[in-house]
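Just so you know, residue 1 is the first one in the sequence shown, and it goes up from there.
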Amino acid sequence: MPDTKRTASGVLGGLLGLVGLSAVAGVLITATVTPAIALSGAAATSAITMFDNLPSVLDIDKLMVPTTVYAKNPDTGEDIQLAQFYDQNRSPVEFTEVAPVMYDAILSSEDPRFYQHGGVDLIGTSRALLQNMQGGGETQGGSSISQQYVKNVLIQRCERDATTGEELLDCWNEATTASGTEGIQRKLQEMRYAIALEQKYSKNDILLGYLNIANLGGQTYGVDAAAKYYFGVAAKDLTLSQAATIAGIVQNPNTYRIDQPAGSIFDANGVGYNKAPDGLVDDVPKGQLAALDTLLADGTITQEQYVAAADGYSSTKGRQLYVLSRMLDDGKITQEQYVAAVIEPLTPSLHPATTGCAVAGGAAYFCQYVKNIIKTDPAFGATPEDRIRMLQRGGLNVYTTLDPRVQMPAEASMAENAPRSVEGWVSPDTGKFGAATVSIENTTGRILSIAQNTTFSEDAGLAGDPNFSSLVYAGDEKYGNSGGFEAGSTFKIFTLVDWLEKGHSVNETLNGRVRIFKRMTNSCTGDWVNVENARVSNFNNQSGYTGTPMQFTRDSLNTGYFAMAEQLDLCDIQKVATKMGATRGDGTPVSMDTLFSVIGSNNLSPIAMAGAYGTVANNGIYCQPRAIDRVTDSDGNEITPPQTSCTQVLDPAVAATAAYALEGVMNGGTGAAANPNDGVDVIGKTGTHEQKQTWMVESSTNVVTAAWVGNSTGSGDLFRRGLSNLRYQLAEDVQRAANAVYGGNSFPGPDSNLTRRVLRDLPNVVGLSIPEAQQRLDAAGFDSAVGEPVDSPEAEGIVAAQDPGAGSVAGGTTVTIHPSNGQGLAVPDIAGRSLNEAKQALRGAGFGNVADGACTVNAAAGAQPTATGTSPGAGSLVNRNAAIAVNYSSLICAGGFGPGNG
C-alpha cells in the first residue's frame, strides 16, 4: 500500500489549519452520514480526491486462535482437551453467544451511535483529528467500533508474521501510537477502511468481529476468553458488573486488566493510587471515582461499601464506573442496577488458560511429543518459522492417538514404582535417574501412551533439577529432544531375525561358550577383527553353553548370539534393524562395527524398540509410530496430518518363528517376571547395558509396550541401588492395561523349516596337531575336548583318533580328540612265512614281546611250521611292548607227533 507512506501534506493535499479540517469533515459527512451535503471549492475537492485514493479494500483475515490438542474419551466419544498453544488466547463466539449486557456496555462506552453512523463517528473523529493537529502528540481517541475493528485487524495482520517480541511491539506501536502527521494519516486510513467494511458487512458482524479480536490484557483476546479467564464464565453468562469491567479494559488493556492488582493500580505514567489515612482512595485522577464519591455523599452507600468497591483495583474500578454511567445515561440499565453494580467490589475469579504441555499433567510428555511433531514436520509448514506460527497462531485442532485407558494406568504405575530422582544419584559420575514407558498399537502404529518419572517443565531454571525435564525419554532427538539409550539385549531381535532370514533354524546347535571370537563379517564397513583376542562374558559371568538360538534367546546369552552373528553379516543385521524402524536416537542407521553392537551398544529410543517388536507381533508388518489421528483448521476443515504407513518388511514365516523364540523369554525365560499372565499371549525381551540401562519390551499381537529404566545422563549403577527390576513392574502394569482394552490373539505357529533339527559336517582332524585340530573344529562350529592318548604310529601329540568320527552330526556336538602317545605300531602281516621268519619279522618291526600262538595240525604242512597269523591281527595298532602271539600250522602240534617229539 504505497499510499500509506505518504506525508501529511500529500494526504491532505496541502490543506492546512481549520479550512483543511473542515474539508475533511465534509468528506466524512459526504461519505458516512448525509450524502446530500456537498462541499464546494478546491480544498474540498482535493480532500475528497486524496481520501478516495486511500486503499479501501480490507480483507478480514482469520483470527489468530490457539492450537488445541485433544485426546478422545473412549467411553463417551468426547474429545478431551490436553493443552493449548497460543500467542493470543482467544475463543471466538457467535453473536448469540455473547450476553446482551456485554453489547450494551461496549456500545455505551465506546460507540453509542454505532447503529446510526456509516462506519465513522464524525463528532468524535473530528475532535480527535483537531487535537492531533494542534497538539502533535499521541493520537487521540474518538474512533468508532468499526475503526477500532480495522485497527485490530491491521495489528493482527502484522503480528501474524512477527517472529520476535520486538516485532510484535512494533506492530502495536505502528497501529496505535503514531503521532503528528502519521497519526492523521493512520486515522484517515482507518476511516476509509471502516466505511468500506460497513458497505460489505452487517453492523452485527462488525460488532461481533471487534469483540472477538480485541485485546483484553496480556495474552487474553476476545470477550469469551476474557470472561472465562477473569470470571470463570462464558461470554453469554456475563453479569452487568462483569460486562462493564471487560468493556472498561478495552480502552487500555494492560492498565485495566484484573489479573495483576499491583499492575492495575498504576496509570500509564506510573502514578500510584494509594489509600488515604481515612481509608478512602487517594491520588485517583480527578473524577475517576466520582460516581462512588456521589453515592457516598448522598448516603446511597456506606463508607465501608465505598472502600470495598474501590479497594485493590482503583484504576479499573474507575473505568468500570465510567462504563456504568454511560449505560445509565443511555437508558441501558436502571438506577437500581447501576447502584448495585457500582458498589459491587471487583472480584475476579481467575482461570488461567496456560499455554503449553504442563497443563496435561501425566500426559505432558505425550503432549510434548505431539508439539514437537508440529514444530518439525513439513505437513505444518515449509520452514521452522512457519511451523511455529502455525502452532501458536494457526488455530489447529489436533486429535491425538492417546488412549486414557492405557495412559492413566501407565501414569499410576510410574508414580507408584519409579522415583522421580534417587538420592545421591545426581553428580558428574552418576548423572540422572530416568524411567519411561510407551505403548503402541501394532496394527496401526498409534501411540497409546507415554509415561515418564519426571515432572514436565520447560523452565530453564530447573534444568539441573532431576525431578523436572522437558525431554521425552520415550522419543528420539527429532520428536523428543532425547538421544535414546543403549538398547542392551533387546537389540538381539535383529540378529535373530537375520538368522532366520538366512534360512537358519532356531534349533540349530551352536557353540555358545565364552571364547575368543576372532572375526565377524561386515560387508558395509569392513570386517570386525578382534585384534586383542578379548573375551566378552555373559551376564553374571556365566560360562555359556553349547545350545540353540531358542535357548540363547530364552536366557539372553551373549556368547550364544555372538556365535549366531559369527555366521552372519553384521551389515545385514544393520539393514534388518533399519527396515524394522530402529534407527539411532539421532536418526542415523545403527552402527554394527564392533562385537558389542550385537548386544545393544547403539542408542535407540523406546518408541523405536517398541515399533520393532510390534513388527514381529504384527506378522512382519511394520507400522510407523504416529501420535496424531487427524487435524482440522480453526473452521473445522480437514488438514492432511503427517503421513505414516504400514509395510510388510518381514516374511510372515520369519516373524512367526521369531515370535516363537521370543515367547520363551516370557514363559520361563528372563522376561517371565513381566508377564501379566492374564490369558493374553505375549512375546518379549529383556535388555541390560553395563548396569546403567535396563529394558523390558513385550507385546501381544495387538499392542506392544516398551519400558526403559536407567540413566538419562551419566552411569549410575541400577543394580547396586536395587532398581534393575523396576522395568518388569512397569512393563507388566502397562501391558496388562493394554491387554484389558485391546486383547490379543494366539501367535501363529513357527515355520517347520526354521525349527528343523540341523546336522552339520564334522571334518576329519586325525593326523593334525592338537591346536590345528581344535582350530579346524572351532571354525566348523564344534566344541572340542582332548581325550586320553592312544597308541598310534603317529608322533606323540598328533591326533590319532576322534569321536565322533568325520561325517554328518548335530551342530555344536563336542568332539573328543585323542593324541598319539608315540608308542603305537601296526602289526605286520606275516602269514605264510615260516614260524621263525614270522617271529623275526615282528621283532624287526619293533615288537619285543613275541611268542608262539595257537597251533593247528595240518597234514599237508611241510617240515617247518608255517605262520597263519597274529593276535592282535595284522594291521592292528598296538603298543610296541604289547605281547604278539604268532599262530601257525604244523604236521604235529604239542602233545602229538611233531617237531621235537620223537
Note to self: Taking OH in Y399 as the centre, count heavy atoms belonging to other residues, nucleotides or ligands within less than 6.0 Å. Is the count above 12?
What the structure shows: yes
Next item on the list: Please answer whether the main-chain N or O of L391 pairs with a side-chain N or O of T67 as donor and acceptor at a distance below 3.5 Å.
Entry: yes
Check: Hey, mind stepping through N711 and S715 against side chain to side chain donor-acceptor pair (under 3.5 Å) and telling me if it holds?
Finding: CA-CA 6 Å; N711 289 264; S715 56; 6.0 Å; no
Item checked: Min side-chain heavy-atom separation R446-D629 under 4.5 Å -> yes
Check: Can you tell me if T553 and Y561 form a side-chain donor-acceptor pair at under 3.5 Å?
Finding: yes
Next item on the list: Name the orientation class of the two ring planes belonging to F552 and Y545 (parallel below 30°, tilted from 30 to 60°, perpendicular beyond 60°).
Entry: tilted
Notebook entry, point to check: Within the distance-only criterion (no hydrogens, no angle test), does the side chain of R720 pair as donor or acceptor with the backbone N or O of D717 below 3.5 angstrom?
Noted result: no
Check: Could you go step by step and tell me if T583 and V590 meet the side chain to side chain contact (heavy atoms under 4.5 Å, CB included) rule?
Finding: CA-CA 6 Å; T583 56; V590 298; 5.7 Å; no
Note to self: Quick check against the 3.5 Å criterion: does W528 have a side-chain atom that pairs as donor or acceptor with the backbone of N522?
What the structure shows: no
Item checked: Heavy-atom closest contact (F747 atom, S700 atom, distance) -> CZ-C, 3.7 Å
Notebook entry, point to check: Distance only, no hydrogens: is a donor on one side chain within 3.5 Å (strictly under) of an acceptor on the other, for T694 and S724?
Noted result: no
Next item on the list: State, without any angle test, whether Q735 and N739 hold a side-chain donor-acceptor pair at a distance under 3.5 Å.
Entry: yes
Note to self: Can you see whether D476 engages S605 through a side-chain donor-acceptor pair at a distance of less than 3.5 angstrom?
What the structure shows: no
Check: Is a side-chain donor or acceptor of N675 paired with a backbone partner of M666 at a separation under 3.5 angstrom?
Finding: yes
Checklist line | Polar side chain donor-acceptor pair, Q84 to T68, under 3.5 angstrom | finding: yes
Item checked: Aromatic contact, Y365 with F456 (centres under 6.0 Å) -> yes
Check: When the ring planes of F719 and F539 are compared, do they come out parallel, tilted or perpendicular, using 30° and 60° as the limits?
Finding: tilted
Notebook entry, point to check: Taking atom types as modelled and ignoring hydrogens, do the side chains of E477 and N481 form a donor-acceptor contact shorter than 3.5 angstrom?
Noted result: no
Item checked: Side chains of N507 and M550 in contact at under 4.5 Å (non-hydrogen atoms) -> yes
Check: Quick one: are E698 and V704 in side-chain contact, heavy atoms under 4.5 Å?
Finding: no
Checklist line | Under 3.5 Å donor-acceptor, T688 side chain and Q691 backbone | finding: no
Next item on the list: Begin from the C-alpha positions of Y742 and V406 and carry the test side chain to side chain contact (heavy atoms under 4.5 Å, CB included) through to its verdict.
Entry: CA-CA 10 Å; Y742 291 88; V406 183; 4.1 Å; yes
Checklist line | Atom of A582, atom of A608 and distance for their closest heavy-atom approach | finding: CA-CB, 4.3 Å
Next item on the list: Would you kindly say whether N702 and N442 are connected by a side-chain donor-acceptor distance under 3.5 Å?
Entry: no
Note to self: Under a plain distance cut-off of 3.5 Å, with no hydrogens placed, do D465 and N467 share a side-chain donor-acceptor pair?
What the structure shows: yes
Notebook entry, point to check: Would you say the side chain of P589 lies within less than 4.5 Å of the side chain of Q574, judging by non-hydrogen atoms?
Noted result: yes
Next item on the list: Could you tell me whether a side-chain N or O of T647 sits under 3.5 Å from a main-chain N or O of V649, the two making a donor and an acceptor?
Entry: no
Check: Any side-chain heavy-atom pair from E508 and T548 closer than 4.5 angstrom?
Finding: no
Next item on the list: Could you verify whether a donor N or O on one side chain and an acceptor N or O on the other, from N538 and T559, lie under 3.5 Å apart?
Entry: yes
Check: Between Q624 and T644, do the side chains contain an N or O donor and an N or O acceptor separated by less than 3.5 Å?
Finding: no
Note to self: Quick check against the 3.5 Å criterion: does D79 have a side-chain atom that pairs as donor or acceptor with the backbone of Y70?
What the structure shows: no
Next item on the list: Report yes if some heavy atom in the side chain of D403 is under 4.5 Å from a heavy atom in the side chain of V741; otherwise report no.
Entry: yes
Item checked: Under 3.5 Å side-chain donor-acceptor pair for E441 and T444 -> yes
Margin query: Show the nearest heavy-atom pair for residues V438 and A610, with the distance to one decimal.
Written below: CG1-CB, 4.3 Å
Item checked: Steps toward side chain to side chain donor-acceptor pair (under 3.5 Å) verdict (E458, Q368) -> CA-CA 10 Å; E458 293 186 284; Q368 185 78 344; 3.2 Å; yes
Next item on the list: Would you please test T670 and R554 for side chain to side chain donor-acceptor pair (under 3.5 Å) and show each step?
Entry: CA-CA 6 Å; T670 59; R554 178 198 65 199; over 6 Å; no
Next item on the list: Determine yes or no for a side-chain-to-main-chain donor-acceptor pair under 3.5 angstrom, with S489 supplying the side chain and I599 the backbone.
Entry: no
Check: Can you find a heavy atom in the side chain of T615 that is under 4.5 Å from one in the side chain of K579?
Finding: no
Margin query: Tell me whether R535 forms a cation-pi arrangement with F517, defined as NZ or CZ under 6.0 Å from the six-membered ring centre and within 45 degrees of its axis.
Written below: no
Checklist line | Donor-acceptor contact present, side-chain T632 to main-chain E638, <3.5 Å | finding: no
Next item on the list: State, with a plain yes or no, whether a side-chain heavy atom of T401 is found less than 4.5 Å away from one of I628.
Entry: no
Checklist line | Smallest separation among heavy atoms of H689 and G600, with atom names | finding: ND1-O, 3.9 Å
Check: More than 12 heavy atoms of other residues, nucleotides or ligands under 6.0 Å from CZ of R757: is that the case?
Finding: no
Next item on the list: For N372 and Y479, indicate whether the former's side chain and the latter's backbone hold a donor-acceptor pair under 3.5 Å.
Entry: yes
